[in-house]
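So the structure is just underneath, and the comments pick up after that.
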Number of protein chains: 2
Amino acid sequence: MLNNSHYIDKLRSSGLRPTKQRIKICEILFNTDKTFHFTINDLVKKISKATNDKISLATVYNTVHAFKKKGYLKEIPINSDQSYFDTNTSHHHHFYDENQKDLIDIDDADVEPVKINTRIPGKKIKSVEVLVKVEDAE
Amino acid sequence: MLNNSHYIDKLRSSGLRPTKQRIKICEILFNTDKTFHFTINDLVKKISKATNDKISLATVYNTVHAFKKKGYLKEIPINSDQSYFDTNTSHHHHFYDENQKDLIDIDDADVEPVKINTRIPGKKIKSVEVLVKVEDAE
DNA sequence: TCAACAGTTTAGAACTATTATAATGTAGAC
DNA sequence: GTCTACATTATAATAGTTCTAAACTGTTGA
Ligand SMILES: [Mn+2]
Ligand SMILES: [Mn+2]
Ligand SMILES: [Zn+2]
Ligand SMILES: [Zn+2]
């Protein structure tokens with residue numbers, strides 16, 4: 001309960017009540033200078049390491065979905081058995097290491113603008129995302 | 001059983017026994033000039049329209065996985081709650097229509113080469129795939 | 001030709017990520 | 001403090017997928 005007033009304001013101004021569960025999850029997700037990728041399961045583990053008060057699985061799901069809806073998290077389409085989430089909500093791209101099964105950010109500035117010479121009538125582009133699959137060089 | 005000898009050869013030369021279930025699934029997946037995207041559920045429906053002999057769900061899964069392993073199908077990471085497969089195994093990209101929840105191919109020739117100005121030491125690039133999310137233009 | 005065997009199919013059970021339910025708890029407004 | 005809408009929770013339900021183990025079948029080679 002130190003500099004949590006920031007999260008409390010953030011939550012309240014989003015129309016989300018600043019409950020102790022949501023504040024704790026904010027601390028875990030956003031109290032770091034580095035962004036990261038996680039599954040719900042990863043997050044559950046981080047929570048149980050960080051606190052003695054249990055947060056129910058349903059609340060973890062609810063909170064992640066609420067944060068995604070508010071734009072504080074992005075969902076990454078990588079794997080169909082489990083959802084991956086990203087605390088980096090800026091427009092960026094990814095390496096996917098197929099050996100380590102690990103996602104690594106590529107800054108948008110490190111990808112030259114992607115030119116697509118075809119359109120779909122009546123549709124507008126919402127985002128352009130590049131996924132670079134990599135593997136161990138032998 | 002007309003020009004199925006092609007599939008029989010293909011299967012046999014891949015080390016897969018040409019069973020009637022596999023041949024039927026080949027007909028549905030590859031007996032078309034157009035490639036397409038499908039879920040397991042889509043395929044199960046196509047099968048029950050195409051034949052009176054049931055193919056068990058386990059066989060549909062087994063077959064799709066076998067074909068993917070042999071490179072006859074690609075799996076597309078559109079993080080839905082189910083896996084999408086693609087009969088187009090060439091290197092290409094996708095539009096994803098968020099309103100229709102529909103995948104549309106982008107020919108590799110319609111995407112200018114993607115330049116990525118960063119690398120991961122010790123890793124080599126396996127593929128570069130672009131996903132363009134689109135929505136209804138208002 | 002046909003027995004033997006490995007590969008394949010199958011129904012159903014098991015598994016796992018996720019969502020729904022509905023009762024209890026709590027934040028914020030008045 | 002009271003009220004109410006929002007939130008949390010344990011648990012059940014759901015749905016896609018994988019596993020199991022028994023029955024079946026394509027292929028081999030004696
Ligand atoms: Mn290209
Ligand atoms: Mn699932
Ligand atoms: Zn990222
Ligand atoms: Zn495709």
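In the text below, chain A, chain B and the rest are named by the order of the sequence lines, each starting its count at 1. Just so you know, these numbers come straight off a predicted model, no measurement behind them.
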Practice item. Run through Asp107(A), Asp86(A), Thr35(A) and flag the one making a side-chain hydrogen bond (donor to acceptor under 3.5 Å, both in side chains) with His92(A). Key: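 Output: one option passes, namely Asp86(A).
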Nearest whole angstrom, please: distance from the [atom2] of [N] to the [atom1] of [X].
X	N	atom1	atom2	answer
Ile23(A)	dA7(D)	CD1	P	13 Å
Arg22(A)	dT9(D)	CZ	P	11 Å
Ile55(B)	dC24(D)	CD1	P	18 Å
Asn62(A)	dA5(D)	CG	P	19 Å
Lys24(A)	dT8(D)	NZ	C1'	17 Å
Asp53(B)	dT10(C)	CG	C1'	14 Å
Glu75(A)	dA17(C)	CD	C1'	12 Å
Gln82(A)	dC15(C)	CD	P	17 Å

Review point. In terms of side-chain heavy atoms of Ile40(B), which of dT9(D), dT17(D), dT9(C) is nearest?
Key: dT17(D)
Review point. Can you check whether Gln21(B) has a side-chain N or O nearer than 4.0 Å to OP1 or OP2 of dT10(C)?
Key: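 Yes, such a contact exists.
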Practice item. Considering just the side-chain nitrogens and oxygens of Thr59(A), establish if one lies under 4.0 Å of OP1 or OP2 belonging to dT9(D). Key: yes
Review point. Hey, does Asn41(B) reach any base, or is it just sugar-phosphate, or nothing, if we go heavy atoms under 4.0 Å?
Key: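 It contacts nothing in the nucleic acid.
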Review point. What does Thr39(B) touch in the nucleic acid at a heavy-atom separation under 4.0 angstrom: a base, only the sugar-phosphate, or nothing?
Key: nothing
Check your understanding: Is Lys68(B) atom NZ crowded by more than 12 heavy atoms from other residues, nucleotides or ligands, each under 6.0 Å away?
Key ->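 No, not enclosed.
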**Study point:** Residue of the set Ile25(B), Leu16(B), Thr19(B) for which side-chain contact (heavy atoms from CB on, under 4.5 Å) holds with Thr63(B)
**Key:** Ile25(B)
Check your understanding: Which pairs pass salt bridge (charged side-chain N to carboxylate O under 4.0 Å, His left out) with one or both residues in residues 49-65 of chain B, sequence neighbours excluded?
Key -> none
Check your understanding: How would you list, by chain and number, every residue that makes a side chain to side chain donor-acceptor pair (under 3.5 Å) with His91(A), sequence neighbours excluded?
Key -> Asp108(A)
Practice item. Apply side chain to side chain donor-acceptor pair (under 3.5 Å) to Lys69(A) and list each qualifying residue two or more places apart in sequence or on a separate chain. Key: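 So Lys69(A) forms no side chain to side chain donor-acceptor pair (under 3.5 Å) with any residue.
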Exercise for review: For Thr87(B) and Phe36(B), indicate whether the former's side chain and the latter's backbone hold a donor-acceptor pair under 3.5 Å.
Suggested key: yes
Please list, pair by pair, any protein nitrogen or oxygen found under 3.5 Å from a nitrogen or oxygen in nucleotides 18-20 of chain D.
| from | atom 1 | to | atom 2 | distance (Å) |
| --- | --- | --- | --- | --- |
| dT18(D) | OP2 | His65(B) | NE2 | 3.4 |

Please write out each protein N/O paired with an N/O of nucleotides 26-30 of chain C under 3.5 Å, distance rounded to 0.1 Å.
| from | atom 1 | to | atom 2 | distance (Å) |
| --- | --- | --- | --- | --- |
| dA27(C) | N3 | Arg17(A) | NH1 | 3.4 |
| dG28(C) | OP1 | Arg12(A) | NE | 3.0 |
| dG28(C) | OP1 | Arg12(A) | NH2 | 3.1 |

Practice item. For Asp102(B) and His37(B), test the side chains for any donor-to-acceptor distance below 3.5 angstrom and give the result as yes or no. Key: no
Review point. Which side chain to side chain donor-acceptor pair (under 3.5 Å) pairs, counting each pair once, include a residue from residues 113-122 of chain B, with sequence neighbours left out?
Key: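 Counting only pairs at least two positions apart or across chains, the side chain to side chain donor-acceptor pair (under 3.5 Å) contacts touching residues 113-122 of chain B are Glu112(A)-Asn117(B).
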